[in-house]
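My questions will all concern the structure given below.
In what follows, every chain begins at residue 1, and chains take the letters A, B, ... in the order their sequences are listed.
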Amino acid sequence: MAEITFLEALRQGLWEEMERDERVFILGEDVGIYGGAFKVTDGFAKRFGEARVIDTPIAEAAIVGAAAGAAHMGLRPVAEMQFIDFISCAYDMLTNYVATARYRAGLSTPIVVRGPCGGYVRGGPFHSQNPEAAFLHTPGLKIVYPSTVRDAKGLIKASIRDEDPVLYLEHKWLYRRIKDQLPEGDEIITPIGKARTAREGKHLSIITYGATVWKSLEAADKLEKEDGLSVEVVDLRTLLPMDDAAIVATVQKTNKVLIVHEDTRTGGIAGEITARINEQAFEWLDGPIMRVTAHDVPLPYAPTLEDFVLPQTDDIVKAARWLANY
Amino acid sequence: MAEITFLEALRQGLWEEMERDERVFILGEDVGIYGGAFKVTDGFAKRFGEARVIDTPIAEAAIVGAAAGAAHMGLRPVAEMQFIDFISCAYDMLTNYVATARYRAGLSTPIVVRGPCGGYVRGGPFHSQNPEAAFLHTPGLKIVYPSTVRDAKGLIKASIRDEDPVLYLEHKWLYRRIKDQLPEGDEIITPIGKARTAREGKHLSIITYGATVWKSLEAADKLEKEDGLSVEVVDLRTLLPMDDAAIVATVQKTNKVLIVHEDTRTGGIAGEITARINEQAFEWLDGPIMRVTAHDVPLPYAPTLEDFVLPQTDDIVKAARWLANY
Amino acid sequence: MPAGLASGQLLEIYYYLRLTRTLEERLVALYRQTKVIGGLFRSLGQEGESVASAYALERGRNKDILSPLIRNLGSMLVMGAQPIEILRQYMAKANSPTRGREQNVHFNDLEKGYLGQISHLGDMVPVMAGIAMTFKMRREPRVALVYVGDGATSTGAFHEGLNFAAVQRLPMVIIGEYNHWAYSTPPEKQFAVKDLAEKAKGYGIPAVTVDGNDVFAVYEATKFAADRARRGKGVHFIEVKTYRRKGHAEHDDQHYVPPEEIEQWAKQNDPVDRYVTRLLDERLVTADDLSAIDARVRTEVDEATDACVDEPLPDAASALPGVYADPPAAERLWYRSV
Amino acid sequence: MPAGLASGQLLEIYYYLRLTRTLEERLVALYRQTKVIGGLFRSLGQEGESVASAYALERGRNKDILSPLIRNLGSMLVMGAQPIEILRQYMAKANSPTRGREQNVHFNDLEKGYLGQISHLGDMVPVMAGIAMTFKMRREPRVALVYVGDGATSTGAFHEGLNFAAVQRLPMVIIGEYNHWAYSTPPEKQFAVKDLAEKAKGYGIPAVTVDGNDVFAVYEATKFAADRARRGKGVHFIEVKTYRRKGHAEHDDQHYVPPEEIEQWAKQNDPVDRYVTRLLDERLVTADDLSAIDARVRTEVDEATDACVDEPLPDAASALPGVYADPPAAERLWYRSV
Ligand SMILES: Cc1ncc(C[n+]2csc(CCOP(=O)(O)OP(=O)(O)O)c2C)c(N)n1
Ligand SMILES: Cc1ncc(C[n+]2csc(CCOP(=O)(O)OP(=O)(O)O)c2C)c(N)n1
Ligand SMILES: [Mg+2]
Ligand SMILES: [Mg+2]
């Protein structure tokens with residue numbers, strides 16, 4: 001069993017689905033001969049032909065809209081946003097046309113829109129975004145956000161097979177940094193809508209997703225060593241629909257919750273999680289639900305500024321300590 | 001002092017600012033001779049000329065983008081979205097270009113983007129939206145949402161005078177339903193960033209904004225009469241930046257919070273409010289922060305369905321009772 | 001026979017023209033009785049282009065697919081939408097195609113060949129490009145036809161979708177409806193070219209301008225374009241010059257329109273009148289044929305109305321299912337069951 | 001004198017061409033030393049059109065305004081941006097125009113006459129239309145010039161902005177850069193017309209195609225278009241045919257490009273070489289004039305580099321102020337002070 005990167009796992013998942021199901025095809029900017037800005041579709045055009053790996057004009061609304069039309073007709077399009085930041089140009093198409101299609105008109109629209117998101121890579125304000133919060137109040141859309149090699153593969157396969165539109169967010173900082181071995185042979189599918197306990201613990205729960213899962217795990221180790229604290233880390237994996245059961249379970253287990261995400265504090269999805277815990281497990285809380293997030297600014301480009309704005313392992317440690325002592 | 005409608009108050013505010021400051025101009029679809037789909041700018045083209053009341057092509061991104069360019073040069077554009085639902089077409093321009101301009105490049109961009117929002121009017125999924133949550137994690141943007149005749153006028157004037165971009169949301173259901181008298185002569189300005197106590201109370205707080213302020217007040221009367229409950233109603237008025245002081249104050253006063261909004265539950269801004277209360281006033285809570293919101297579906301068109309999906313006065317009454325007895 | 005249409009077909013076209021107009025008049029009556037929920041949009045004076053363009057397509061199970069706008073009721077009827085479906089939609093009945101979830105002509109039947117629009121103008125162009133792309137990938141001899149208003153050509157979605165389709169040489173036909181108004185906005189405030197066809201040429205596709213109130217001209221232009229697309233020759237743009245004789249919707253009093261202008265179009269350039277005149281002048285059909293159809297249409301619209309006007313609105317709780325295939329239904333909010 | 005340019009001006013243009021190329025070469029060196037943060041974008045082979053088009057504008061305090069893209073470094077230098085500002089931007093220095101908040105050429109000086117782009121392609125077209133609209137409203141004899149790549153013409157924002165400007169007859173010039181690539185995508189996958197000028201004609205504005213590597217041709221075309229716009233005659237589109245000789249950014253190995261193609265453009269059609277050859281052939285300047293400028297440029301770039309290469313990055317906490325005019329700064333997060 002060879003070690004593969006997060007990016008390679010995603011690539012494998014896409015490849016296997018293309019092999020398995022001829023209805024699956026890819027469209028996006030520079031996804032063909034070039035293989036995509038991050039090489040996620042490297043070699044696909046060669047293997048599957050340009051008819052199934054389509055280089056499009058620079059037109060995100062058209063990419064998502066055309067994917068929707070093809071999906072209505074029974075195909076399984078996977079649309080790439082070169083950077084997820086550019087999905088803002090397809091915001092109308094995705095929220096108004098695609099997400100509502102089944103409900104308003106009984107149309108099935110099984111598309112996957114995927115792309116590189118997230119910071120910690122000196123990308124500046126327009127190549128580092130986390131768009132999940134903008135799509136969270138979009139009934140009809142699903143949002144997945146893997147943090148592990150296994151889930152990178154398992155969630156892309158599940159997303160392609162899902163009957164509804166899925167926004168698949170892949171963190172650039174994880175692409176080549178995270179490596180793991182995957183069992184060959186048996187098929188890896190990660191169910192959509194199910195969170196994962198990344199680390200068992202009893203004193204305090206960190207609920208998170210994406211890149212900050214790793215920073216939270218780092219913080220948990222530190223807290224174990226330095227403070228003897230046992231911290232549970234829950235990796236949501238799917239943001240919409242949310243896994244209430246898993247959230248409530250960890251609250252009932254540790255009675256203290258720290259929510260960590262990379263998005264800005266105001267309007268980030270920590271708010272929604274906090275509200276759900278209030279409604280479903282208020283009595284179990286031994287302290288306030290607290291947030292560790294980015295500052296409320298557009299993400300600046302200089303390393304010193306980006307590091308200051310984004311949540312770091314030490315921030316999580318500090319916040320967790322405070323909450324543990326509460 | 002004559003009674004005027006919410007819509008007329010907004011109109012007066014716009015009119016007065018156009019009279020006061022020649023840098024102010026209006027652009028949008030059918031805002032000129034026609035006076036706008038809801039007649040908010042009726043008579044403006046006649047009075048101020050077509051050079052200051054500009055009928056544009058159907059191009060929301062161009063409307064917002066052109067407004068931004070003019071604002072950089074020192075003008076004060078007020079852009080109308082014919083229905084706020086169509087702001088989704090300018091989502092990229094508003095969140096990426098406009099909102100970040102001051103921070104990333106030191107550009108001042110004092111524009112107002114305004115338009116009719118909200119349901120209860122049989123508008124169906126694309127003429128009833130509440131977009132505030134999609135813009136809440138947009139540092140650099142301000143969001144105001146008046147519920148009274150006075151604030152309709154006071155907030156449009158404050159928005160036009162603000163140095164930063166403001167999204168001004170006006171609820172269609174309030175346009176002609178809400179009437180009030182405004183003192184002639186003295187100028188009405190509602191400060192951005194300050195909530196309003198719509199009703200004093202001591203047993204429970206309802207935090208809300210927009211059309212549901214009125215439904216909450218109705219519920220409060222009912223609860224007073226039928227249950228002898230004294231319910232405080234806080235009208236946020238500004239959603240971004242949020243008035244934490246007012247939120248904390250009401251929590252400390254009543255110790256129980258019900259958040260009511262018309263937007264869908266998941267991803268609506270009740271989440272953010274809940275998180276802020278947790279962080280700043282957890283110890284003051286005698287019960288969980290609960291939400292009364294729309295169901296998580298696109299807003300359907302049939303009266304029976306719309307009434308079921310949207311929060312109604314009775315829902316607020318039921319939820320408040322439950323919380324009061326908690 | 002003009003445009004190679006047999007007299008049976010000529011009468012069928014007349015039937016759809018008459019049905020469109022009569023059905024809309026019925027909707028006006030229901031609107032005045034406040035039975036219609038929300039706005040009412042008329043295609044008065046534009047029925048010709050909607051009916052003729054749709055009639056030029058291949059119809060029947062899984063043939064061509066079109067995407068109508070609010071003023072293309074006629075095209076949906078041609079593709080097989082039933083008057084009672086339209087009436088139910090406008091009255092938001094439980095039995096309407098969208099079960100009261102969406103408005104007026106916003107519904108679809110992909111097998112019959114129409115995809116319902118959403119309100120956001122321009123969005124259907126990329127979506128229909130995707131449908132055309134599927135036809136091309138599967139090598140099916142099918143065509144996607146999308147209508148776009150003169151105003152909607154200003155949207156970014158129109159541009160992205162048309163350019164996408166042009167580059168991929170997709171089997172798509174676009175009908176650009178130059179009806180002189182976008183709500184209250186005239187063409188000269190919408191674009192700086194005289195004809196929409198000039199605009200379309202900038203996408204590297206053939207574009208023609210035809211008299212939109214001449215049923216035969218629209219039929220022939222669409223047939224030519226559709227056949228060409230079917231043969232793999234790519235996108236074709238057809239501008240139809242017509243006139244929106246009613247307001248944007250019933251509430252709109254058209255104060256911004258010179259009244260004589262409407263008069264003139266009504267008197268001298270009504271697509272149905274022109275069609276009838278030609279049929280009779282050239283003795284292609286008899287006056288009796290036509291009045292028989294008028295009678296049949298009246299009966300059908302009456303029967304459809306009677307059959308559904310008193311139907312119930314949807315059951316409230318039916319608002320929850322169907323947001324996703326799985327999970328099956330959105331949850332009912334907690335306080336509804338305390 | 002060609003294009004009515006005095007020899008002083010001819011040398012000034014040469015100075016900007018040389019400065020652009022030398023400065024970019026310096027950036028490559030700094031990039032290899034990992035002193036540049038993020039990507040590095042070259043305009044090698046396109047310096048001519050950037051410099052010539054900007055040089056044709058009226059420059060100085062509050063005159064014309066342009067909006068450069070990542071490959072229009074030359075145009076910014078012409079408008080008065082300083083080499084040290086560019087170097088600081090690429091190295092995210094505290095003293096950079098955006099104080100480390102934004103990248104490379106994403107910064108502005110509206111008085112000097114340039115507005116920084118954002119990454120989202122097409123968005124600057126509506127924004128520059130707004131600036132042109134202001135000139136028109138105030139009856140100022142000023143022009144807005146916006147660059148757009150062949151790929152970016154596919155965006156909805158380009159379409160909405162250009163159409164908006166065309167309808168309003170705004171004093172705007174668009175330079176459409178046909179440099180044969182959009183990242184790895186060739187024009188034939190981007191649009192179905194041969195020339196961008198054909199596309200532009202669909203907006204009802206004049207559009208010309210010029211040899212983008214002929215400095216004089218670009219200068220004259222831009223001067224004509226700008227003067228015309230200044231006289232209130234509206235938008236003008238200029239397509240410049242050129243070639244992107246480097247990859248999309250330094251990381252891009254261009255494996256998708258036939259190598260001989262790059263070779264050929266470098267050998268036979270380099271804008272700087274062509275400019276120099278003409279100046280010397282026509283004895284408009286002497287070789288010494290030019291080498292003097294080369295030396296001056298080297299010194300300036302050396303001095304600018306030395307002056308800033310060791311400057312500090314921004315102080316971390318400087319990330320907070322300036323999101324709004326009021327409130328003055330975003331709050332520091334609670335756990336940073338526990
Ligand atoms: C993106 C978007 N912006 C604005 C509107 C509001 N609106 C609805 S119809 C209309 C006018 C449409 O004119 P046109 O495209 O010419 O179609 P017509 O009504 O003439 O058939 C407008 C502005 C919309 N539906 N979508
Ligand atoms: C809306 C949007 N989509 C995608 C991108 C990613 N992207 C950055 S540059 C580029 C290619 C641009 O090509 P072109 O417009 O021809 O400019 P050139 O690089 O040739 O100068 C792409 C696709 C973007 N910046 N914005
Ligand atoms: Mg029209
Ligand atoms: Mg290019």
Chain A contacts, top residue of B:Gly268, B:Gly287, B:Gly124 (heavy-atom pairs, under 4.5 Å):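 Heavy-atom pairs under 4.5 Å are most numerous for B:Gly287.
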Interatomic spacing from CD in A:Glu283 to OH in B:Tyr326 - rounded to 0.5 Å: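 Nearest 0.5 Å value for the CD-OH distance: 3.0 Å.
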Tell me, out of B:Ile273, B:Leu136, B:Ile87, who's got the most heavy-atom pairs with chain A below 4.5 Å.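 Ranked by heavy-atom pairs under 4.5 Å with chain A, first place is B:Leu136.
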Can you tell me which portion of B:Leu240 sits under 4.5 Å from chain A's heavy atoms? Options are side chain, backbone, both or neither.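 B:Leu240 touches chain A through side-chain heavy atoms alone.
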Between B:Glu60, B:Met242, B:Arg276, which residue shows the highest count of heavy-atom pairs closer than 4.5 Å to chain A?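 That would be B:Arg276.
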Among residues two or more places apart or on two chains, list those pairs meeting salt bridge (charged side-chain N to carboxylate O under 4.0 Å, His left out) that have a residue in residues 115-124 of chain A.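 Output for this query lists A:Arg122-A:Glu306, A:Arg122-A:Asp307.
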Can you tell which part of B:Gln129 gets under 4.5 Å to a heavy atom of chain A, answering side chain, backbone, both or neither?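 Just its side chain gets close to chain A.
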Between A:Ile269 and chain B, with a heavy-atom cut-off of 4.5 Å, which part of the residue counts as in contact: side chain, backbone, both or neither?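 Looking at A:Ile269, nothing touches chain B.
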Taking atom CZ of B:Arg265 and atom CD of A:Glu272, what is their separation to the nearest 0.5 Å?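 B:Arg265 CZ to A:Glu272 CD: 7.0 Å, rounded to 0.5 Å.
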Looking only at heavy atoms and a cut-off of under 4.5 Å, which of A:Ala90, A:Gly271, A:Ala275, A:Pro288 has the most pairs with chain B?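 If we count pairs closer than 4.5 Å to chain B, A:Pro288 comes out on top.
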Chain B contacts, top residue of A:Gly140, A:Ala270, A:Ala134 (heavy-atom pairs, under 4.5 Å):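 Ranked by heavy-atom pairs under 4.5 Å with chain B, first place is A:Ala134.
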Show, in sequence, the C-alpha distance, side-chain angles and deciding distance for A:Tyr91 and B:Thr95, and conclude whether the side chain to side chain contact (heavy atoms under 4.5 Å, CB included) test is met. CA-CA 11 Å; A:Tyr91 182 80; B:Thr95 60; over 6 Å; no
Side-chain heavy atoms of A:Asn278 within contact of B:Arg291, under 4.5 Å: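 Side-chain contact under 4.5 Å: no.
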Using heavy-atom distances under 4.5 Å, tell me whether A:Tyr97 contacts chain B through its side chain, its backbone, both, or neither.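 The answer is neither part of A:Tyr97.
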When A:Leu285, A:Thr138, A:Asp296, A:Asn96 are compared by non-hydrogen pairs under 4.5 Å with chain B, the top option: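 Maximum pair count with chain B is reached by A:Asn96.
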Find out whether A:Pro139 and B:Thr266 are in side-chain contact, i.e. whether some heavy atom of one side chain is under 4.5 Å from a heavy atom of the other.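 Answer no - side chains too far apart.
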Just wondering, are more than 12 heavy atoms of other shown residues or ligands nearer than 6.0 Å to CH2 in A:Trp322?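 Atom CH2 in A:Trp322 is packed in, count exceeds 12.
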Testing the basics here: between A:Ser88 and B:Asp92, what is the closest heavy-atom pair and its distance to 0.1 Å?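 Taking A:Ser88 first and B:Asp92 second, the nearest heavy atoms are OG-OD1, 3.4 Å.
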For chain B, which residues from residues 98-109 of chain A have at least one heavy atom closer than 4.5 Å to it?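 Within residues 98-109 of chain A, the residues that come under 4.5 Å of chain B (heavy atoms only) are A:Thr100, A:Tyr103, A:Arg104.
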Verdict with reasoning, A:His137 to B:Asn130, per side chain to side chain contact (heavy atoms under 4.5 Å, CB included): CA-CA 10 Å; A:His137 68 135; B:Asn130 285 289; over 6 Å; no
Is it the backbone or the side chain of A:Asp263 that comes under 4.5 Å from a heavy atom of chain B, or both, or neither?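 Just its side chain gets close to chain B.
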